[in-house]
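Convention: sequence-line order gives letters A, B, ...; per-chain numbering from 1.
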Amino acid sequence: MKMSRLFLETLRDYPSDAEVISHKLLVRAGYIKKLANGIYNYLPLMWRVLKKIENIVREEMDKAGAQEILMPFLQPKELWEQSGRWEVYGKELLRLKDRHNKEMCLGPTHEEIVTALAGEAIRSYKQLPVNLYQIQSKFRDEIRPRFGLLRGREFIMKDAYSFDKDEEGMQKSYKAMAEAYTKFFKRCGLETKPVQSDSGAIGGNISHEYMVITQTDSGEDDVFYCDNCDYAANSNHAVSVLNETNIEGEWSQYEKISTPDIKTIEELAKFLHINSSVICKCLVYIADKEPVLVLIRGDKIVEETKLMNALEAKEIRTASEAEIKELMESHGFKAKPGFIGPKGFDDIKIIADKTVQDLKNFVMAINENDVHVVGANFGTDVKLPVKICDVRLVEAGEKCPQCGQPLKVTRGIEVGNIFQLGTKYSKAMNSTYTDENGKEVPFVMGCYGIGISRTAAAAVERHHDEYGIKWPISIAPYHVIIVPVNVQDEKQMEIAQNIYNRLNSSGIEVLIDDRDERAGVKFKDADLIGIPLRITVGKTVQDGFVELKIRETGEISKLTPDEAVSFVSKTVQNALNN
RNA sequence: CGGGACGUAGCGCAGCUUGGUAGCGCACUACCUUGGGGUGGUAGGGGUCGCAGGUUCAAAUCCUGUCGUUCCGACCA
């Protein structure tokens with residue numbers, strides 16, 4: 001491809017609205033252009049990258065026994081009502097009506113469609129297992145799209161769905177997908193860590209997310225992991241064994257003490273000269289519009305996804321000051337935030353984190369301003385709530401639940417996930433097959449997603465430097481770029497063209513920068529757009545040499561055109577065979 | 001949806017405080033120059049200053065509303 005004909009505009013500056021490096025680089029290097037918030041045009045270079053990633057997915061999915069299909073992007077409300085998700089899915093599901101006033105939605109995922117499809121098409125256990133996948137644009141009306149391709153509203157996803165006759169079969173399908181995923185990401189030049197996670201809106205029991213560890217802040221998830229064993233989990237799912245700490249107060253008597261103007265746990269601990277771990281913290285949340293009290297040890301933080309699951313709520317947030325005031329007044333209290341305690345709220349839900357149950361002689365608030373009690377105990381001074389769950393955010397340094405070594409934390413980008421769905425959808429939608437005994441039974445399902453466009457962005461996050469992108473060869477838009485330094489020099493052009501032709505005809509994807517630009521401009525652009533190999537044809541042709549630069553390492557070598565051609569061919573072959 | 005910021009040429013920005021008829025760099029067009037890391041020059045083209053209303057002799061500038069974008073939180077591939 002001739003650069004002079006390529007639909008490409010590289011920018012001298014980074015766009016002002018971009019925050020993370022992949023977004024900045026993809027816009028500046030002319031890969032994407034924003035159409036609307038969270039919605040992008042994929043320009044020729046980007047589209048080539050995406051197609052490469054898609055094809056690697058296809059190869060790995062096909063190898064794992066899955067079959068590609070394509071399901072509709074626009075979906076009827078009825079199926080979503082059958083699964084129960086028309087109600088549950090919230091505002092990320094973009095709903096619209098057609099000309100007959102029929103309600104539809106843009107597909108954010110395809111469990112409903114594929115479950116219905118399998119139910120109709122699969123009759124007998126003899127046909128199982130089946131694994132169907134597709135690669136398609138999805139639409140999720142995200143609350144806050146950002147970070148370019150890392151969190152768009154419209155994005156390209158590979159989604160696969162497995163159908164098995166029993167739990168054991170599903171486990172096998174799940175494992176096959178897990179293996180395919182690891183291979184896939186590796187081929188894209190990405191090291192991923194499979195981590196346990198919450199299964200969110202998709203549902204199901206066991207799930208893993210595939211995280212690209214970023215080290216930088218561009219990842220949106222915190223991942224807790226253990227260096228000693230294979231434990232790794234998203235913060236919304238991670239558990240830990242707490243380090244030893246003081247959980248018994250020194251007071252032997254239950255008594256009220258004056259704590260004027262204390263607003264936070266830190267202030268309280270300081271005021272009483274105690275560790276915050278002997279305080280029972282009480283927080284007010286609003287879960288699906290209902291107030292809920294949450295008790296947790298003073299030095300710990302509530303993990304809201306865990307809390308949401310524990311409450312079986314759809315939506316959760318901390319209460320505003322006005323809501324707290326209203327709650328207090330409706331129960332005859334005047335306490336300000338800071339003095340809220342669990343006593344006197346028999347009619348509302350109170351949930352306790354596991355950390356509070358072992359507290360002894362602890363400190364808590366009792367809905368009286370400027371007063372706390374010390375030496376409190378569950379059972380005698382206050383009832384322990386019926387519901388005790390783990391709703392605590394794990395912190396680095398706490399012990400691994402598997403081996404007891406200290407956990408570490410890092411940021412990660414979720415590029416894929418796999419879920420064991422079980423019969424959640426097949427039961428709800430009455431999607432069944434006939435088993436060996438002639439009985440109609442629901443499929444046992446799994447589902448498996450990979451964010452194609454997000455994978456591309458994650459690759460940029462992991463492979464770039466101050467000059468631009470450094471694509472891994474496997475997903476680079478072109479393998480090599482030939483730069484004739486001076487297009488008006490006939491000899492340079494002749495040799496460049498010759499190398500171009502030879503590489504091209506041997507299946508190498510090659511770009512030739514035939515623009516009448518200065519060398520500096522071409523070099524900067526080549527670095528920016530991140531082509532892995534560069535052949536510079538310049539003055540050295542007089543001595544029969546060209547120059548080969550490896551983008552990844554910056555290594556430069558002087559070769560004859562023949563050597564350059566064979567080096568490039570070999571390097572690309574090797575990279576693709578891996 | 002809550003809290004902050006910003007909308008001026010394709011991109012990055014100045015001008016706004018103290019109203020007076022719109023500017024800089026890059027990009028673009030033409031010619032010259034240069035030719036191994038964003039060459040230098042000359043001449044050009046391009047903007048109803050997000051939109052609507054108001055104040056005023058006069059609004060990019062002040063006021064109100066609205067739309068959009070963006071950052072911080074809950075959602076997620």
Report which part of the nucleic acid [X] touches: base, sugar-phosphate, or nothing (heavy-atom distance under 4.0 Å, all strands).
X	result
A/V415	sugar-phosphate
A/T318	nothing
A/D489	nothing
A/P15	sugar-phosphate
A/Y210	nothing
A/G538	base

I'd like the [atom1] distance from [M] over to [N], given in whole Å.
N	M	atom1	value
B/C13	B/C49	C1'	14 Å
B/A60	B/G7	C1'	11 Å
B/G25	B/U69	C1'	23 Å
B/G38	B/G44	C1'	23 Å
B/A52	B/G12	C1'	29 Å
B/G20	B/C16	C1'	14 Å
B/C24	B/A14	C1'	7 Å
B/G40	B/C26	C1'	16 Å

On a plain distance test, is the side chain of [X] in donor-acceptor contact with the base of [N] below 3.5 Å?
X	N	result
A/R317	B/C75	no
A/K539	B/G35	no
A/D516	B/G35	yes

May I ask you to say whether [X] pairs ionically with [Y], meaning some side-chain N is under 4.0 Å from a carboxylate O?
X	Y	answer
A/E323	A/R317	yes
A/K424	A/E111	no
A/R146	A/E19	no
A/D489	A/K539	no
A/E54	A/R58	yes

*Does B/G35 have OP1 or OP2 sitting under 4.0 Å from an N or O in the side chain of A/R518?*
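Negative; the distance criterion is not met.
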*Taking only the side-chain heavy atoms of A/D221 (C-beta and beyond), determine which of B/U39, B/G35, B/C76 contains the nearest atom.*
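Among B/U39, B/G35, B/C76, the one nearest the side chain of A/D221 is B/C76.
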*asked:* Looking only at the side chain of A/E92 (C-beta and beyond, no hydrogens), which of the listed nucleotides B/G36, B/C75, B/A77 gets closest?
replied: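 My answer, after comparing the listed nucleotides, is B/C75.
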Which nucleotide, if any, forms a Watson-Crick or G-U wobble pair with [N], using both distances under 3.5 Å?
N	result
B/G2	B/C72
B/A52	B/U64
B/C26	B/G10

Value in whole Å for how far the [atom2] atom of [N] lies from [atom1] of [X]:
X	N	atom1	atom2	value
A/M493	B/G35	CE	C1'	14 Å
A/E154	B/A77	CD	C1'	14 Å
A/L150	B/A77	CG	C1'	10 Å
A/R534	B/G37	CZ	C1'	8 Å
A/E111	B/A77	CD	C1'	12 Å
A/K522	B/U34	NZ	C1'	14 Å
A/L11	B/A9	CG	P	15 Å
A/E466	B/G37	CD	C1'	13 Å

*Assign each of A/V541 and A/S453 to its nearest nucleotide of RNA chain B by heavy atoms, then name whichever residue's nucleotide is nearer the 5' end.*
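The answer here is A/V541.
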*If you find the nucleotide of RNA chain B closest to A/K91 and the one closest to A/Y467, which residue's nucleotide is nearer the 5' end?*
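That would be A/K91.
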_Nucleotide-resolved protein contact map, nucleotides 22-30 of chain B, B/S/- at heavy-atom distance under 4.0 Å_ = ---BSS---
*Contact pattern, 5' to 3', of nucleotides 69-74 of chain B - B, S or - by protein heavy atom under 4.0 Å*: SSBBBB
*Take A/W47 and A/F7 through the test ring-ring contact (aromatic ring centres under 6.0 Å, His included) and record every step on the way to the result.*
CA-CA 12 Å; A/W47 188 233; A/F7 186 73; over 10 Å; no
*asked:* Do A/Q134 and A/D159 pair up side chain to side chain, a donor and an acceptor below 3.5 Å, judged on atom types alone?
replied: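 A/Q134 vs A/D159: donor-acceptor pair found between side chains.
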*Consider only side-chain N and O atoms of A/Y425 and A/R85, and report whether a donor and an acceptor are under 3.5 Å apart.*
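Short answer, yes.
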*Between NE2 of A/H464 and NZ of A/K470, what distance do you get to the nearest 0.5 Å?*
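Going from NE2 on A/H464 over to NZ on A/K470, the span is 8.5 Å.
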*Measure from NZ or CZ of A/R48 to the centre of the six-membered ring of A/Y478, then state whether that distance is under 6.0 Å and the direction lies within 45° of the axis.*
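Verdict for A/Y478: a cation-pi partner in A/R48.
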*Between A/F523 and B/G36, do the rings stack, that is, sit under 5.5 Å apart with planes less than 30° off each other?*
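Taking the rule of under 5.5 Å and under 30°, the ring of A/F523 does not stack on B/G36.
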*asked:* Looking at A/E191, I'd like to know if its CD atom is crowded, meaning that more than 12 non-hydrogen atoms belonging to other residues, nucleotides or ligands lie closer than 6.0 Å.
replied: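 Counting other residues, nucleotides and ligands, CD of A/E191 stays at 12 neighbours or fewer.
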Under 3.5 Å, which donor-acceptor pairs link side chains of residues 526-537 of chain A to any protein atom two or more places apart or in another chain?
| residue | atom | partner | partner atom | Å |
| --- | --- | --- | --- | --- |
| A/R534 | NE | A/T536 | OG1 | 3.2 |

